[in-house]
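Report on one structure; see the data block that follows.
Positions are given from 1 along the sequence. Note that the coordinates shown come from a computational prediction; the quantities given were computed from them, not determined experimentally.
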Amino acid sequence: MKVFGFFAAWIHGDPRKVVYPTDSYGQFCGQKGTNNAKKAILFYFNILKCASPSVLINLQCPTTQLCVPKCPDRFATYSEMQYHHRSNKSYWEYYRQFCKPGFDNPNKAVSQVLRDEDCPSMIVPSRPFLQRCFPDFITRNGTLTVANRTAFKDVLGETRSVTELRDAANGITSLLDAKEVGMKIFEDYASSWYWILIGLLVAMVVSLIFILLLRFTAGFLLWFIIFAVIALVAYGIWHCYEEFVALKEKPSADVTISDIGFQTDFHVYLQLSQTWLVFMISLSVTEAVIILMLIFLRNRVRIAIALLKEGSKAIGYIMSTLFYPIVTFLLLAVSISYWAVTAVYPFSAACHIPGGSCVGHKLKCNITKVCPGSQCMFAFYGGESPYHRYIFILQLCNLLVFLWLVNFTIALGQCTLAGAFASYYWALKKPADIPPCPLFSSFSRAIRYHTGSLAFGSLILAVVQLIRIVLEYLDHKLKGAQNTFARFLLCCLKCCFWCLERVIKFMNRNAYIMIAIYGKNFCTSAREAFFLLMRNVVRVAVLDKVTDFLLFLGKVLIAGSVGALAFLFFTHKIPVIQEEVPSLNYYWVPLLTVTLGSYLIAHGFFSVYAMCVDTLFLCFLLDLENNNGSAARPYHMSTSLRKILNKRNRKR
């Protein structure tokens, strides 16, 4: 099923059809060299179906769509056309231009016409808007009308209100607005992609330099990070206060954020005094939390610095580990790109050939000339064909495989680094006893012997993450529900699975370290790691979290510095290269991309240190339990680590 979904998406899809108006035959309206060259407007057979909530979900209105040269200018139903056609042939000549090409049987039964979707059941006065036919709404004396009518009759003779047309038009407008924003974001990426890459390369270089500096001056740099972040947040508080005071005196800045609602132009929010007040309060709370943590955890910070120095020494002997995050980054980029492209293609057109004709031909939406009668129908959820019915399941399978690939890539990196650092720790005489090429040897062992264990642990985590995504989707759908118990149960499930994911991530990480050390299977390694950590729960909790906090400060400093540089660049604040800045619709698109990308890159490089400290600490716990410092069972930890933990080897 998964393989079928991937191949079906790639074979049948065309991402352009998600953006540009196309008819039900997969042809662009107004495209030169086709039958639609003079038909530049898209017409909806039953525009009332466009009021469905599925319009935004599926990025398509679930009705037959046809390219026409002009929009209808009158109310009419197919039944009325048949009645008047008997006395005046012009009624059919006008109505047929909104029917499928080649259909010329005005006497065909209404039920059969609607069943075969040969013609629309009704037409309403419309005007072209964004290459689509929209009802021609006019407000008269506060009343919404279409051609001076507030109601009309459909093909079944039922009276319908003009407000139903308005709801349908709003559905299409929301769809077009979403597509327009998406196109503008795409244009911003197209014009600034090389500057984004430069920003990410800067983040990569800064991260590498930071790690190399940490190799020699771990204590100084870590304390510098702490005080630099404190100073940076303090400056942010002062700047927000200055902006708040300056805007408070302007009458136009007293508008609240809720009054203006959601705006795609972020610059609008920066003109409000309330925005800077929120920023100032948030930064003040952050500053207070950081200072309090440093006051109460200052001794533990010194211990964490000592462990990081030992980790720096280990990385100094195995310098190749600094570059392994590049391998992880490339593998993750391939996984994300594959998932993104595969996920986009099912949202484009899929071909439906009545009667199963032309089975031997490739199902492309340009085969209407080869296979007469073929029709391209949008692959919307809830369709009638098997492809339509299972596309949502295929997307879930695609998402599961994506999560699995990402977690496997991360697991492979953790096991590889753990094996390399474990070989450093268990070398009695360092660096003489460290095996040659420890990183490559560890990577080879992980691929050759531990692929199954890594895949199994990654699958468990991927399933839990998929369940969390489904729960988030259900919670979004039930926001307006009145069933309090269902909302409470869903909230409890979300909380439980969030905790479960955190526990599984922590246990998997330590299980991979045990796999790298002893080479046992995943379940055995996870069990041994769990009981080992439980016997030393206080040490694990304090040292692990303090180390994570210090490394997090480094990530924030790198991401914040590169993000601030990107902000100055994309907002034309650097005069020297002001002319090189590309013209953008939303400057926050490349800014957020560079900032988030910088954080992820810094996270990848800092994960080397985090994995090093965790591996050394877990090896130390094993060393402490299995050895006693005697000549027969000496400690394998280095002299500096023995001093930190007040342990020593006895010569006799």
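Classification of the Phe98-Tyr94 ring pair by plane angle, with boundaries at 30° and 60°, yields perpendicular.
Closest of all the heavy-atom pairs between Leu66 and Asp23 is CA-CB, 4.0 Å. The two residues Cys119 and Val113 come nearest to each other via the heavy atoms N-CG1, 3.7 Å. Ala566 approaches Val594 most closely through the heavy-atom pair CB-CG1, 3.9 Å. Among all heavy-atom pairs drawn from Ala203 and Ser598, the shortest one is CB-OG, 3.4 Å. The two residues Cys133 and Ile41 make their nearest non-hydrogen contact at SG-CG2, 3.4 Å. Between Gln82 and Pro106, the closest heavy-atom pair is NE2-O, 2.8 Å.
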Set out, in order, the CA-CA distance, both residues' side-chain angles and the distance that settles side chain to side chain contact (heavy atoms under 4.5 Å, CB included) for Phe43 and Ile123, then state yes or no. CA-CA 10 Å; Phe43 171 75; Ile123 57 176; 3.9 Å; yes
List the steps and the verdict of side chain to side chain contact (heavy atoms under 4.5 Å, CB included) for Arg96 and Asp104. CA-CA 7 Å; Arg96 68 181 297 183; Asp104 190 13; 3.6 Å; yes
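Here the CD1 atom belonging to Ile196 is positioned 4.5 Å from the OG1 atom belonging to Thr593, to the nearest 0.5 angstrom. How far CD1 of Ile469 is from CG of Leu474: 12.0 Å, rounded to the nearest 0.5 Å. A distance of 5.0 Å separates CZ of Arg132 from OH of Tyr44, quoted to the nearest 0.5 Å. For the atom pair NZ (Lys38) and SG (Cys29), the distance works out to 16.0 Å, reported to the nearest 0.5 Å. We find the CD1-CG distance between Ile410 and Leu405 to be 11.0 Å, quoted to the nearest 0.5 Å. In this structure, OH in Tyr473 is found 9.5 Å from CG in Leu396, a value given to the nearest 0.5 Å.
By the neighbour-count criterion of 12 heavy atoms within 6.0 Å, atom NE2 of His603 is sparsely surrounded, having that number or fewer from other residues, nucleotides or ligands. Counting non-hydrogen atoms of other residues, nucleotides and ligands closer than 6.0 Å to CZ of Phe103 gives a total above 12. Under a cut-off of 6.0 angstrom, the local environment of CZ in Phe497 is sparse, with at most 12 non-hydrogen atoms contributed by other residues, nucleotides or ligands.
Test Val110, Asp118, Leu114 against Tyr78 for side chain to side chain contact (heavy atoms under 4.5 Å, CB included) and you get one pass: Val110. Test Leu399, Leu403, Val470, Val406 against Gln465 for side chain to side chain contact (heavy atoms under 4.5 Å, CB included) and you get one pass: Leu403.
With respect to Lys108 and Asp116, a salt bridge is recorded, a charged nitrogen being found less than 4.0 Å from a carboxylate O.
You'll find the side chain of Pro135 stays beyond 4.5 Å of the side chain of Pro125, heavy atoms only.
Of the possible donor and acceptor atoms, none in the side chain of Lys494 sits under 3.5 Å from a partner among the backbone N and O of Glu472.
Taking the ring centroids of Trp92 and Tyr95, they lie at or beyond the 6.0 Å cut-off.
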